[in-house]
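To keep things clear, I will list the structure first and then write my remarks on it.
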Number of protein chains: 2
Amino acid sequence: MTDSKRPTLMDVAQAAGVSRALVSIVMRDAAGASAATRERVLEAAAKLGYRPDSRARMLRSGRTRLLGVSFSTSHAFHAEIVDAAYAAAGLRGYELALSAVASGRSEERAAEALLDWGCEALILISSTLGNETLAAYARRVPVVSLLREDVGETVDSVSSDDRAGIRIAVEHLAGLGHRRIVHVDGGTAVSADRRRTAFREEMTRLGLEPVVVPGGATEEEGILAGGLLGASTPTAVIAFNDRVALGILESLRNGGKSVPSDMSVLGYDNSHFARLSYVQLSSVSQDGPVLAAEAVNRAIDRAEGTATPSRMVGTPHLVGRRTTAAPGAAVAT
Amino acid sequence: MTDSKRPTLMDVAQAAGVSRALVSIVMRDAAGASAATRERVLEAAAKLGYRPDSRARMLRSGRTRLLGVSFSTSHAFHAEIVDAAYAAAGLRGYELALSAVASGRSEERAAEALLDWGCEALILISSTLGNETLAAYARRVPVVSLLREDVGETVDSVSSDDRAGIRIAVEHLAGLGHRRIVHVDGGTAVSADRRRTAFREEMTRLGLEPVVVPGGATEEEGILAGGLLGASTPTAVIAFNDRVALGILESLRNGGKSVPSDMSVLGYDNSHFARLSYVQLSSVSQDGPVLAAEAVNRAIDRAEGTATPSRMVGTPHLVGRRTTAAPGAAVAT
DNA sequence: TATGTCTACTAGAACGATCTATACGAACTT
DNA sequence: AAGTTCGTATAGATCGTTCTAGTAGACATA
């Protein structure tokens, strides 16, 4: 049913009565063809429905103008990042090759597929690969780690300053008058350690007692953590991320507490659902899309040989919504 | 910093003291090499860190063993489908090439990228392309439309029976004793029309009055719809999807109604968050992952020429959780 | 001894593009 | 009139594989 073979340069050349090389020139829109023939060739190409075979093109030219991005199907916010990456890559004339880490598919597998495809650089989103593995990839092509730091000398990293994020969070709540602030941590999640210690340090810096409650990365764990909150009678919680915050909100709601009058809840990530009208979760934003664009630009700069490995750390900012207020404040309507 | 050129067949051949062709035979693990040389070649390849260049391989062999999948970064459930598709493709020795439709990136753009890459078949998830466009693609390679029907003669489709899904939903609620059931529809979303008319027909079949309230595809629209519910004093709602159901739940909660005693709420999609402990949303499941596997197998069968275009319609099933019960039932604990 | 059939291997032509080198006029110098 | 330059066009090599056709040697058969 399908046309057994797609048209090639040769077919177009014959149709237009010129050589293959000239058609190539026209298709790449390089110098060396007159306006008249250019038009004739384009016309023939359009009539045949010709599209250059990118594999052949890549093979010969060496340049693929392809950026490999590995992401996870289980992290919703990766989608937002991929979205932004497409935009940034498009601006510089690059295409993205996506490879997902999925159920039966490891990050190594995903990355190696990208390598086999001839990507000129790799962008790994919240990678969990060991530094030796990363270095091995970096020996082949430039590698940019997005939202994961401490990645070795040879690998670029674009991440968000977790310490600053936590500082902003603590200062926001302390500024509202809170004294008993609890951190529900991220358990074994990627940047959980960093945020936990940052929390301890910031709190002690302000002369407050840092209470940490074990949490995780999902709503379920937020609910569990919500139940453990009472012990220290806090007036505010900083959650590891928005999903955990959502669980905490639910747990408080079930316990008959109202937010923010009985308890302020602050999320992290400023994810899509934090913005929903009925959630209105105050949250620390890492500006994922901005970081994604930055990562893409690094990757391209490295691929084009105009840069050496570097690390960039973005500063998060606070997005205040309805779940944080002065302790005991009247319920927002 | 990066090795300027990766090793090729030639390099391995020289290192092992054999011809390129023989190395090729070993790498593909085809017949025609002795066990001894086979081992010698593999050793040399490993030492050099050789990986076959998939572009060159594809170019020459014609076969890419590549399935193109287009998905949207803005639909969370596409991730689940991609996940399942990877597994199914892996079983048959195929790789997936992903191309996202994102902010500045149309579905045409995404699909054409996949075509340029030499995919042997295309799987389009909830495509919004016109049938002429689909047919044009189908002239090049087999195309399978996933979760979108009415797609023309030349295109395969794997979808879910919306009519059956709605029937199951209506029967579930009617079986529990509900008489006044409302459907909050999907507005302009893909299968909204189908579900709406199915609802009307099923309700009248049971001698019940079919009340439809305008909705949409997101939580926000669910909240709005929730406010419009009171007019007809229903005891149960069938939402267009889980996100809308979540909005309805929220709206009911704000109005002081309790679920399911005052109102039963039924979602559609059985999405990830419907399963969360604090949501426990009853929902009609389309078995997305199962359909995905089916789509992959169709695509491969078509690509290998062992099948002609066909349409398959999966039957959804009901997943009962905590948000549906007999009218006036005691609140579940 | 001649013939055939294996197995293990190789040379060289593809695949569809790009790139380098070169040819051919026409126009412009000198 | 001969030499130079320029714009346009082409032949043929090349990228890293796979594939076809064929060779060389071992061994068995007639």
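Just so we're on the same page: letters track the sequence lines, and every chain starts at 1.
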Atom pairs under 3.5 Å: protein N/O with N/O of nucleotides 21-25 of chain C:
none

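Applying the salt bridge (charged side-chain N to carboxylate O under 4.0 Å, His left out) test to Asp150(B) and every residue at least two apart in sequence or in another chain returns Arg194(B). Considering only residues two or more places apart in sequence or on other chains, Asp161(B) meets the side-chain contact (heavy atoms from CB on, under 4.5 Å) condition with Arg163(B), Ala164(B), Val313(B), Pro316(B). Scored by the side-chain contact (heavy atoms from CB on, under 4.5 Å) test, Ala102(B) finds Asp83(A), Tyr86(A), Thr73(B), Arg105(B) as partners (sequence neighbours excluded). In this structure, the side-chain contact (heavy atoms from CB on, under 4.5 Å) partners of Ala135(B), at least two apart in sequence or on a different chain, are Arg139(B), Thr154(B). With sequence neighbours excluded, the residues that form a side-chain contact (heavy atoms from CB on, under 4.5 Å) with Ala33(B) are Leu22(B), Ile25(B), Val26(B), Arg38(B). In this structure, Ser145(B) has no side chain to side chain donor-acceptor pair (under 3.5 Å) partners at least two apart in sequence or on a different chain.
Taking 4.5 Å as the limit, every side-chain heavy atom of Val144(B) sits out of range of all side-chain heavy atoms of Val155(B). With contacts defined as side-chain heavy-atom distances shorter than 4.5 Å, the pair Met27(B)/Tyr50(B) qualifies.
Taking for each of Leu59(B) and Arg28(B) the nucleotide of DNA chain D with the nearest heavy atom, the 5'-most of the two is the partner of Leu59(B).
The residues Arg51(B) and Asp116(A) are annotated as salt-bridged, a charged nitrogen and a carboxylate oxygen being separated by less than 4.0 angstrom.
Side-chain contact of Ser159(B) with Ser157(B): a donor-acceptor pair under 3.5 Å is absent, judged by distance alone. Between the side chains of Glu107(B) and Ser127(B), at least one donor-acceptor pair of N or O atoms lies under 3.5 Å. Using modelled atom types, one finds a donor on one side chain and an acceptor on the other under 3.5 Å when comparing Arg28(B) with Ser24(B).
If you measure from atom CG of Leu115(B) to atom C1' of dG16(C), you get 16 Å, rounded to the nearest angstrom. If you take CZ of Arg6(A) and P of dC15(C), they are 15 Å apart, rounded to a whole angstrom. In this entry the distance linking CZ of Arg60(B) with P of dG12(C) reads 16 Å, nearest Å.
Scanning all heavy atoms of the two residues, the minimum distance from Cys119(A) to Ala97(A) falls at SG-CB, 3.9 Å. The minimum heavy-atom distance between Arg148(B) and Ser126(B), with the atom names listed, is CB-CA, 4.3 Å.
Sequence neighbours left out, the pairs with a member in residues 53-73 of chain A that pass salt bridge (Lys or Arg N to Asp or Glu O under 4.0 Å) are Asp53(A)-Arg55(A), Arg63(A)-Glu120(A).
Contacts between residues 36-57 of chain B and DNA chain C, defined by a heavy-atom separation below 4.0 Å, involve Thr37(B), listed by number. Applying a 4.0 Å cut-off to non-hydrogen atoms, the residues of residues 11-27 of chain B that approach DNA chain D are Arg20(B), Ala21(B), Ser24(B), listed by residue number.
Five base pairs at each end of the helix from dT1(C)-dA30(D) to dT30(C)-dA1(D) define two local axes, and these are offset by 70° (rounded to 10°).
Taking the 5' to 3' direction, DNA chain D first and last meets chain A under 4.0 angstrom from a heavy atom at dT8(D) to dG16(D).
Listed pair Ser61(A) / dA17(C) fails the phosphate criterion, with no side-chain N or O lying under 4.0 Å from OP1 or OP2.
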